[in-house]
Amino acid sequence: MSTKSSPTPRTPARKLGVAVVGLGSLTHSHILPALRKTKHCRLAALVSGSAAGLKTVAAKHGIPAANCYSYDDFDRLAEQPDVDFVFIVLPNSQHAEFTLRAARAGKHVLCEKPMATSVAECRAMIAGCQKAGVQLAIAYRCQFEPHHREAIRLVREKVYGEIKFIEASFGFRIGDPKQWRLRKDLAGGGALMDVGIYVIQAARYLTGEEPNWLFATEVKTDAEKFREVDETLCWQMKFPGGVIASCSTNYVVDGIDRCWVGAEHGWFELNPAFNYNRIAGRTSEGKMRLPQTDHFVPQLDDFAQCIREGRPSIVSGEEGLKDMKVVAAIYQSIGRGKPVTLR
Ligand code: NAD
C-alpha cells in the first residue's frame with residue numbers, strides 16, 4: 001500500500017460577484033444570459049430605476065431583495081461584500097457618474113462602450129478609479145472574439161506582410177425616434193458614439209497604433225430625426241506606420257458590418273465583423289474556420305481574472321480614452337470642414 005497521502009483537493013476560486021447596473025435590452029438579451037455561463041463570475045446584485053423591473057429580474061435570477069438597489073441607493077454597494085465589480089449598462093451619459101460612484105464604493109468597474117461622452121469624462125473616470133485603487137475596463141467584446149483575435153495575429157505575425165489599408169464600416173437602421181440614442185444629452189453623439197466606435201477600436205487594435213491624421217464628413221438624410229446627433233459619417237485616418245483606414249458609420253441602413261484589411265501579399269476580412277450574433281472571416285487563401293462564441297462570457301471572465309491577478313485589462317479605461325480622443329477629432333474635423341492632426 002502506498003504511504004503517500006493523496007493531494008489536498010484545491011478549493012475552487014470564489015466566483016466574483018457582479019452588480020449589473022441598468023436592466024435594459026442588452027442586459028436582458030446578453031449580459032444576464034452570459035453571466036450564467038461564466039466560469040469566474042456570478043450575478044450578485046441588480047441596480048435599476050424601476051422597482052417592478054428589479055423585482056421581476058431578481059425573482060428570475062434568485063437575487064435577494066437586500067441585493068437590489070435603486071440608482072439613489074447605489075452607493076450602499078460599499079457595504080455589500082458580495083459584490084466585487086459593477087457592470088454599467090446605462091445610457092452613455094451616465095457611464096462617468098456611475099463609474100465614479102462605484103469606485104468610491106470600492107468596486108471595480110466594467111463599463112459599456114462608449115466609455116463616456118467626452119474625453120474629459122474618460123480622464124475623470126480613469127483618475128477616480130486609480131485614486132480608489134479599483135480596476136476599470138471597457139466592454140469591448142470583440143477583443144475576446146476568435147475572428148478578431150485571428151485578425152490581430154495575422155497582422156502581428158505579418159502573415160501577409162505589412163498591412164497597408166483598412167476599410168471598415170458598421171451601422172444599422174435605428175427605429176423609435178424618441179429613444180435615448182437620438183438625444184444628445186443622453187447619448188453624447190449618434191452613430192459614431194454607438195457603433196462607429198467599433199470601427200475606431202478595430203483600426204487601432206489591428207495597427208497597434210494611434211491615428212495621427214484624420215478627415216471626416218457628415219451627411220444627414222433625415223435632419224428632423226437626427227437633429228441632435230450624427231446620422232451618417234465617413235472618415236479617413238492615417239497611422240504613423242503608413243496604414244490608411246477608410247471608415248464609415250450610420251443609423252440609416254442595416255447590414256453594413258465589415259472590416260477588410262489589405263496587406264503586401266494578401267488580404268483578409270471579417271464580414272460580418274462587429275455584431276454579436278455571427279462573425280465570419282476569410283483571407284486571400286480561403287475561409288477562416290473559427291467557432292462562433294458568446295463574446296460576453298470571455299469578456300466577463302477575463303475581467304474577473306484581471307481583478308484576481310491585479311493585472312490591467314487589455315480593454316482598460318486607457319483604451320476607452322484613446323477611442324474617445326479619435327471620436328472628438330472626428331467631430332472636430334466635421335466642425336472645421338478640414339483634416340485634423342492628432343498627437
Ligand atoms: P436600453 O435603452 O435598452 O437600456 C438602458 C437602461 O438604462 C434601461 O434599463 C433604462 O431604464 C435605464 N435608464 C436609466 N436612465 C435612463 C434614461 N435617462 N433614459 C433611458 N434609459 C435610462 O439600452 P441598451 O441597448 O441596453 O444600452 C445600454 C448601454 O449598453 C449603452 O451604453 C450602449 O452603448 C451599450 N451597448 C453595448 C452593446 C455591446 O455590444 N457591447 C450593445 C448594445 C448596447
Side-chain angles (χ1 to χ4, degrees), residues 19-35 45-58 68-74 86-99 101 109-118 121-122 125 137-145 148 170-172 174-202 228-230 249 251 257 272-279 293-300 302-303 313 315 317 319-320 323-324 327:
V20 175
V21 190
L23 303 180
S25 62
L26 184 70
T27 294
H28 283 289
S29 62
H30 287 88
I31 294 169
L32 295 175
L35 272 165
L46 296 165
V47 184
S48 170
S50 156
L54 272 174
K55 207 168 164 188
T56 310
V57 179
C68 293
Y69 300 83
S70 68
Y71 298 130
D72 291 340
D73 275 350
F74 178 86
V86 301
F87 194 168
I88 299 172
V89 201
L90 291 168
N92 310 340
S93 64
Q94 296 173 28
H95 292 183
E97 176 194 333
F98 280 86
T99 295
R101 286 170 71 182
V109 181
L110 178 57
C111 177
E112 262 306 334
K113 48 54 60 179
M115 179 170 173
T117 58
S118 70
E121 282 184 346
C122 295
M125 289 160 78
I138 311 307
Y140 287 131
R141 56 182 169 71
C142 291
Q143 291 229 31
F144 301 95
E145 195 283 329
H148 287 260
F170 192 24
F172 72 100
I174 198 159
D176 181 8
K178 293 200 161 57
Q179 64 186 285
W180 66 261
R181 280 181 169 80
L182 299 176
R183 282 184 49 189
K184 175 107 168 109
D185 60 341
L186 292 172
L192 181 64
M193 286 266 185
D194 193 16
V195 284
I197 199 108
Y198 287 90
V199 171
I200 296 170
Q201 253 281 295
E228 293 194 21
V229 298
D230 46 280
T249 188
Y251 262 163
D257 179 1
F274 303 113
N275 73 85
Y276 35 53
N277 297 319
R278 196 176 76 85
I279 309 288
T293 57
D294 181 331
H295 311 182
F296 297 87
V297 174
Q299 167 183 275
L300 281 156
D302 184 76
F303 191 50
S313 165
V315 289
E319 279 294 300
D323 283 342
M324 197 54 64
V327 166

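Not measured: the values here are computed from a predicted model. Order of appearance sets the numbers: ligands from 1, and atoms from 1 within every ligand.
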**Student:** Can you list the steps and then say if Asp176 with Arg181 is a salt bridge (charged side-chain N to carboxylate O under 4.0 Å, His left out)?
**Tutor:** CA-CA 9 Å; Asp176 181 8; Arg181 280 181 169 80; over 6 Å; no
**Student:** Is the closest heavy atom of Tyr71 to ligand 1 under 4.0 Å?
**Tutor:** yes
**Student:** Could you walk me through whether Glu97 and Arg101 pass the salt bridge (charged side-chain N to carboxylate O under 4.0 Å, His left out) test, one step at a time?
**Tutor:** CA-CA 6 Å; Glu97 176 194 333; Arg101 286 170 71 182; 2.7 Å; yes
**Student:** Would Asp323 and Tyr140 count as a side chain to side chain donor-acceptor pair (under 3.5 Å) if you check the C-alpha gap in whole Å, the side-chain angles of each, and the deciding distance to 0.1 Å?
**Tutor:** CA-CA 11 Å; Asp323 283 342; Tyr140 287 131; 2.6 Å; yes
**Student:** Shortest non-hydrogen contact from Thr117 to Met324?
**Tutor:** C-SD, 4.3 Å
**Student:** Which one of Phe296, Phe98, Tyr140, Trp180 has a non-hydrogen atom at the shortest distance from atom 1 (P) of ligand 1?
**Tutor:** Trp180
**Student:** Could you check whether the rings of Tyr198 and Phe170 sit parallel, tilted or perpendicular, using 30° and 60° as the cut-offs?
**Tutor:** perpendicular
**Student:** Kindly say whether Pro272 contributes a backbone atom to a donor-acceptor pair with the side chain of Asp257 at under 3.5 angstrom?
**Tutor:** no
**Student:** With a 4.0 Å cut-off on heavy atoms, is His95 touching ligand 1?
**Tutor:** yes
**Student:** Starting from atom 29 (C) of ligand 1, which protein heavy atom do you reach first, and at what distance in Å?
**Tutor:** Leu90 O, 3.4 Å
**Student:** I'd like to know whether ligand 1 has Gly49 as a neighbour, heavy-atom separation below 4.0 Å.
**Tutor:** no
**Student:** Which residue and atom name correspond to the protein heavy atom nearest atom 3 (O) of ligand 1, and how close is it?
**Tutor:** Ser25 N, 2.7 Å
**Student:** What atoms of ligand 1 come within less than 4.0 Å of a heavy atom belonging to Leu186?
**Tutor:** 18 (N), 19 (N)
**Student:** Quick check on contacts: which atoms of ligand 1 are under 4.0 angstrom from a heavy atom of Leu23?
**Tutor:** 9 (O)
**Student:** Is the closest N or O pair between Pro91 and ligand 1 shorter than 3.5 Å?
**Tutor:** no
**Student:** Please work out whether any backbone atom (N, CA, C, O) or any side-chain heavy atom from C-beta onward of Tyr198 is under 4.0 Å from ligand 1, and answer side chain, backbone, both or neither.
**Tutor:** side chain
**Student:** Check Arg181 against ligand 1 and report side chain, backbone, both or neither, counting heavy atoms closer than 4.0 Å.
**Tutor:** side chain
**Student:** Flag Thr27 as yes when one of its N or O atoms lies below 3.5 Å from any N or O atom of ligand 1, and as no otherwise.
**Tutor:** no
**Student:** Return a yes/no value: protein heavy atom under 4.0 Å from atom 33 (C) of ligand 1?
**Tutor:** yes
**Student:** Do Phe296 and Phe144 have ring centroids that are under 6.0 Å from one another?
**Tutor:** no
**Student:** Out of Phe74, Tyr69, Phe87, which residue meets the ring-ring contact (aromatic ring centres under 6.0 Å, His included) rule with Phe98?
**Tutor:** Phe74
**Student:** Check ligand 1 against Tyr276 and write out every atom of the ligand that is under 4.0 Å from a heavy-atom position of the residue.
**Tutor:** 40 (O), 42 (C)
**Student:** Has ligand 1 got any nitrogen or oxygen that is less than 3.5 angstrom from a nitrogen or oxygen of Gly24?
**Tutor:** yes
**Student:** Using heavy atoms and a threshold below 4.0 Å, how should the contact between Arg141 and ligand 1 be classified: side chain, backbone, both, or neither?
**Tutor:** side chain
**Student:** Phe274 vs His148 aromatic rings, parallel, tilted or perpendicular, using cut-offs 30° and 60°?
**Tutor:** tilted
**Student:** Please tell me whether Gln143 and Gln299 have a donor and an acceptor in their side chains that are separated by less than 3.5 angstrom.
**Tutor:** no
**Student:** For atom 30 (O) of ligand 1, tell me which residue out of Glu112, Met193, Arg183, Met115 has the closest non-hydrogen atom.
**Tutor:** Glu112
**Student:** What protein heavy atom sits nearest atom 28 (C) of ligand 1, and how far away is it?
**Tutor:** Val89 O, 3.5 Å
**Student:** Does His30 have a heavy atom less than 4.0 Å from any atom of ligand 1?
**Tutor:** no
**Student:** Considering only the protein, which heavy-atom contact is closest to atom 36 (N) of ligand 1, and what is its distance?
**Tutor:** Leu26 CD2, 3.6 Å
**Student:** Find out whether Leu300 and Leu35 are in side-chain contact, i.e. whether some heavy atom of one side chain is under 4.5 Å from a heavy atom of the other.
**Tutor:** yes
**Student:** Is the gap between the ring centers of His295 and Tyr276 under 6.0 Å?
**Tutor:** no
**Student:** Is there a salt bridge (charged side-chain N to carboxylate O under 4.0 Å, His left out) between Asp185 and Arg183? Walk through the geometry before answering.
**Tutor:** CA-CA 6 Å; Asp185 60 341; Arg183 282 184 49 189; 2.7 Å; yes
**Student:** Any heavy atom of Gln94 closer to ligand 1 than 4.0 angstrom?
**Tutor:** yes
